[in-house]
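Take a look at the structure set out below.
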Amino acid sequence: MTISIRSVGKTFGRYPALNSVSLEIADGELLALLGPSGSGKTTLLRVIAGLEFPDSGQVLYGEQDMTFAGAAQRRVGFVFQQYALFRHMTVAKNVAFGLDVRKGAAKPSKAEIASRVDELLRLVELGELGKRYPAQLSGGQRQRVALARALAVNPSVLLLDEPFGALDATVRKSLRKELRRIHDATGVTTIFVTHDQEEALELADRVAILNQGAIEQVGTPQEIHDNPVGAFVAGFVGESNRLEGEVRGGRFRLNDVEFAAPGIADGRAAAFVRPHELVLSPRGEGTFPLIANHIAPQGAVARIDGVTPGGLRLEAAFARQSVADIQPGAKLDLLVGRAYVFPQ
Amino acid sequence: MGVTLAILSLIVLIPLSAVALKASEQSWQEFFQAAFNERALTAYRLSFGAALIAAAINGVFGLLTAWALVRYQFPLKSLVNGIIDLPFALPTAVAGIALATLYAPNGWIGALLAPAGLKVAYTPLGVVVALTFIGLPFVVRTLEPVMRDLAADVEEAAASLGATRLDTILRVILPALAPAWMTGFALAFARAVGEYGSVIFIAGNMPYKSEIAPLLIIIELEQYDYAGAATIAVVMLSVSFLMLFVINAIQAWARRLAA
């Protein structure tokens, strides 16, 4: 199911949560809504789900206007951060709930429901646990139950609100892979909300970055990471050194650091330099010195915290062997390889 | 553990066994005569019957009241919240006199009901009214924290899965509340069975008609028939214990489902 969000606005009291947001989600896509807390990402998800209704704009499922249809009419599968399982029902009953509450001819037979529940529990790898109660499961298992329950109704779209937010790091990692596998197996259009950029970049086909109720950028993880369109995305996604300086005659300057900023008008500007874009280079045109303070090896990379003679703190990342003999206090000559510069 | 048991014994078990001991001073025949004469039987029926009806009424309205307090904002909410607890704090005699005055045939409410042929004060119906009054806070206050705990997202989950509002209430909300609800019911019932102060003013206290069992105990005491009073006490104790035991068993069973 393709989903179109057209100029959707929503305010809570006097606080605007969504500000004319437009977004197209392709059929079968896995899309992440990424943003800091209060950016409106959960509100957007709930508007898509029909758990919240917009003040303005439209929500389309395929060609159909669903702006004011309830969640049940939209046939969404919704997975909540806190699982929201029915505590007094077994795992199997939880999963069957969406089929069980159907009325008349739409309700499958007992045997059909049982086999569907079985199939779903196997899909989320909980085949043996149908008779347990939610309280007897771990957090990760509960979220799998919630996922199976949402999938039971053959949803037109699967919506997940911070689905891994309440889980510890290792479980989160494995469930992430699981979600990707389930998405690929079912092909259902999936939208999930997260504030964890690693999760969004690793899992999603496309990522929409939200900030203060507006979408800053939509793109593949690579586009978002390598070509941020604004200062917010450049600073929010990936690691970077943020430099507040000045552009004059196409060159950015702050303190001892200077590099080309083609096409940027003269005036105040913010530059974002990823740690690995600080390049070791023989002293010469455009280089500046950095005195290493702290060296932290991380796999194939060594991260160096340093400070320029002018007092600018920078973080750089190099291949391990290229800085093998560097000790704290050593002076490195660096060049800015690539920077994202945005006028302020 | 030892301390708890010691205190429990001092405060609860020893006085209760003293009651049983007192009752056992009679012969079997005397015991049966004191326990199951016509007047005593009517009193038990009224005490337990009215308590059961009152607890049932409180079960329904306490549920609605708790729901309104947890889920809705309305003017003077904190005032209403305070009023709920009044039956806890008010001397029961005050409540009894107030209710009797209101529901008497010439009282504010009684005068309205009289043309319809409804007599409340000085009838068994009056007993039910008084017992309902004192039992309400038990249901409301036991349900409230559980309702607050029942996250709104569970309802949203049910709705997103296609459940109607009625389905959601019957299959999701009420089953989740059931254990607490039964606790509240049991507490309200237990309190109502033992209630004395507020009832005697509104009941009229006519033997064979509107006389409650606790009053019968007092009457026997006033006649220096201590064994007879203890006998009725033992019967009430046994029945109450049995009923609370059954309710507890149901609850334990429900909790095992919910856990």
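Reckoned from all heavy atoms, side chains included, excluding hydrogens, waters and symmetry mates. All chains are named by letter (A, B, ...) in the order of the sequence lines, taking the proteins before the strands, and each is independently numbered beginning at 1.
Highest contact tally toward chain A, considering only Ala163(B), Ala152(B), Ala159(B), is held by Ala163(B) [criterion: heavy-atom pairs under 4.5 Å]. When the candidates Gly77(A), Ala72(A), Ala146(A) are compared by the number of heavy-atom contacts under 4.5 Å with chain B, Ala72(A) comes out ahead.
When atom types are taken as modelled, the side chain of Glu112(A) and the backbone of Ser115(A) share no donor-acceptor pair closer than 3.5 angstrom. Using modelled atom types, no side-chain atom of Lys41(A) and backbone atom of Leu210(A) make a donor-acceptor pair closer than 3.5 Å.
Of all non-hydrogen atoms in Val21(A) and Ile5(A), the two that sit nearest each other are O-CG2, 3.4 Å.
Open room surrounds NZ on Lys131(A); 12 or fewer heavy atoms of other groups in view lie less than 6.0 Å from it.
Neither the backbone nor the side chain of Leu99(A) comes within contact range of chain B; no heavy atoms are under 4.5 Å apart. If you measure heavy-atom distances from Val153(A) to chain B, the contacts under 4.5 Å come from the side chain alone. Contact annotation for Asp161(A): neither backbone nor side-chain heavy atoms come within less than 4.5 Å of a heavy atom of chain B. The part of Arg46(A) that comes within reach of chain B is its side chain, from C-beta onward, which places non-hydrogen atoms under 4.5 angstrom from that chain. Within the 4.5 angstrom heavy-atom criterion, no atom of Arg75(A) approaches chain B. At a 4.5 Å heavy-atom cutoff, the contact between Asp153(B) and chain A is made by backbone and side-chain atoms alike.
A salt bridge links Arg180(A) with Asp184(A): the closest approach of a Lys/Arg side-chain nitrogen to an acidic carboxylate oxygen falls below 4.0 angstrom.
Every residue two or more places apart in sequence or in another chain that forms a side-chain contact (heavy atoms from CB on, under 4.5 Å) with Leu215(B) is listed here: Tyr196(B), Ile200(B), Asn205(B), Glu211(B), Ile212(B), Ile219(B).
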